[in-house]
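Written out below as structure tokens is the structure these notes cover.
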Amino acid sequence: MARIIVVTSGKGGVGKTTSSAAIGLGLALKGNKVVLIDFDIGLRNLDLIMGCERRVVYDFVNVINGEATLNQALIKDKRVSSLSILPASQTRDKDALNKENVGKVLEELGKSYDFIVCDSPAGIEAGAMMALYYADEAIVTTNPEVSSVRDSDRILGMLASRSRRAELGLEPIKEHLLLTRYSPKRVEEGEMLSVEDVVDILSIPLLGVIPESQAVLKASNAGEPVILDTDSDAGQAYQDVIERLLGETVDFRFLVAEKKGIFSRMFGG
Amino acid sequence: MADASIEFKGSSFTLSVLYLKTASLSNIRADLEKKIAQAPDFFYLVPIVVNIEQLSASVNDPVDYQAIKTLIEEFKFTFVGFTGSLAKEQRQVIRNLGFSFVNSAKTNSSGKQANTEMHMAAKTEQATVKTQQPLYTDKIHRGQIRSGQQVYAKDQNLVVIGSVSAGAEVIADGNIHIYGSLRGRAIAGAKGHHHAQIYCQNLEAELVSINGNYWLSESMEQHWSSPVYIHLTDNELMSSKLI
């Protein structure tokens, strides 16, 4: 049975789609069969980050409405053959999805994939609820900043009360904290919440800390998920996340600001 | 020449008021027995005023004031007098029988009758400062209470095993115990118990309130980020360190 993982946050712009793309691709690179679903109907982004926007013919809503089969709508990734993308519709809105049909699509996908990664829209409305409803696990993407932490807390409340698992009284959704856009330097300067602060407030297990990085924007614009940029700290941090999702214990990196060497200090590097 | 040995002065006290809804002595007796059984010491020798405005007296069926007084005293209350917004004639009848009629500072209009039970509870408590709180059972919540969630322990104490997040709200008619951080709002004694207290291992609350008295975070600076309990003393909120 496939593991259904929702990447969610409450707040927008914290890195849900970037993280979904990196995690989906990373899991596939490890040999897993992975499907990435864009639940952000109306604001198609995942296909851009994945670099397959020109290959979208049918989308999630077409499948839900029975206008296309799953195989017609799924886009195979050109880099990793075990990865598929189910894009969102650009022309519909979030009400186009309904629980029953989404459930059927997920069940169908579950037969042939190991992981189903759902990229949730921001907010706490119907679209976000739909993305988390069938989840087994949730990656709560949070920036080290008070409003983002507050919204993540709200989403954690929803995960515990509004999901299928909660409604049926099953084992609760497994929660993971993914801290993104982390800048150790700004934490030291007291401008940003530290990992410890965020973990203390949300009290859920830490899955990964992604450092603030120029590589992320570059990767997004190029349609190459940042996990492929193995030289970048963000890419390496996402690789650690994949290891942890697959059950490995990996030490956390990039939590301390790099000390400037004497030369760069002298020459103002 | 002034009297040196005595002096008369006006002073106001909070007295317990017993609202009678029926003149049937057997019914009153049964209900009093039930009430007093819940907390026998609570009512012992408490001075009490009996409000009779809800009793309909008629010529054929007069209210037996003497019997009411005897009954009240049987239950070890200290009878003070009768009260209620009554017709002049009726007040005179009461006086003629040798009972005092107590005028309340704010006469309760009959429109407030629905609240009488709550009034009684609140007033009774105020009249007896050092009495025990009514015995409440506990509602236990395991796990963190997240932003946007609200937990209400109706007629119970609330025990939270976990933290209360910013933006979350916990309410109890009794005490609130939080084995974790309190970062949201906590409202204890919601139905008007000024003995209610709030305990937490780490106070970083947005708001705490007991019996309608509240503090915003700025008033908690003294014990911010400490394990404390919050209580009412002379209708003022106080915080004290737990350890």
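By convention in this document, chain letters (A, B, ...) are assigned in the order of the sequence lines, proteins followed by strands, and residues within each chain are numbered from 1. Source: prediction; values computed, not measured.
Scanning both residues, B/S147 and A/R150, for their nearest heavy atoms gives OG-CD, 3.5 Å. Looking at every heavy atom in both residues, A/I201 comes nearest to B/S165 through O-OG, 4.5 Å.
Using a 4.5 Å heavy-atom threshold, the side chains of B/Q144 and A/I204 count as separate.
For the set B/G167, B/S163, B/A166, B/G162, the count of heavy-atom pairs under 4.5 angstrom toward chain A peaks at B/A166. Ranked by heavy-atom pairs under 4.5 Å with chain B, the first of A/L156, A/D200, A/V149, A/D153 is A/D153.
If you measure heavy-atom distances from A/I155 to chain B, you find no contacts under 4.5 Å at all.
Shown here is A/R165, whose CZ atom has more than 12 heavy atoms of other residues, nucleotides or ligands within 6.0 Å. Applying the 6.0 Å contact sphere to CZ of A/R181 captures no more than 12 heavy atoms from other residues, nucleotides or ligands. Counting heavy atoms of neighbouring residues, nucleotides and ligands inside a 6.0 Å radius, atom CD of B/E74 exceeds 12 of them. Residue-environment remark: CZ (A/R244) exceeds the threshold of 12 foreign heavy atoms within 6.0 Å. Enclosure of atom OH in B/Y152 by more than 12 non-hydrogen atoms of other residues, nucleotides or ligands within 6.0 angstrom is indicated. When the shell of 6.0 Å around CD of B/E236 is examined, it contains 12 or fewer heavy atoms from other residues, nucleotides or ligands.
Put simply, the side chain of B/R146 never gets that close to the backbone of A/S152: no donor and acceptor are under 3.5 Å apart.
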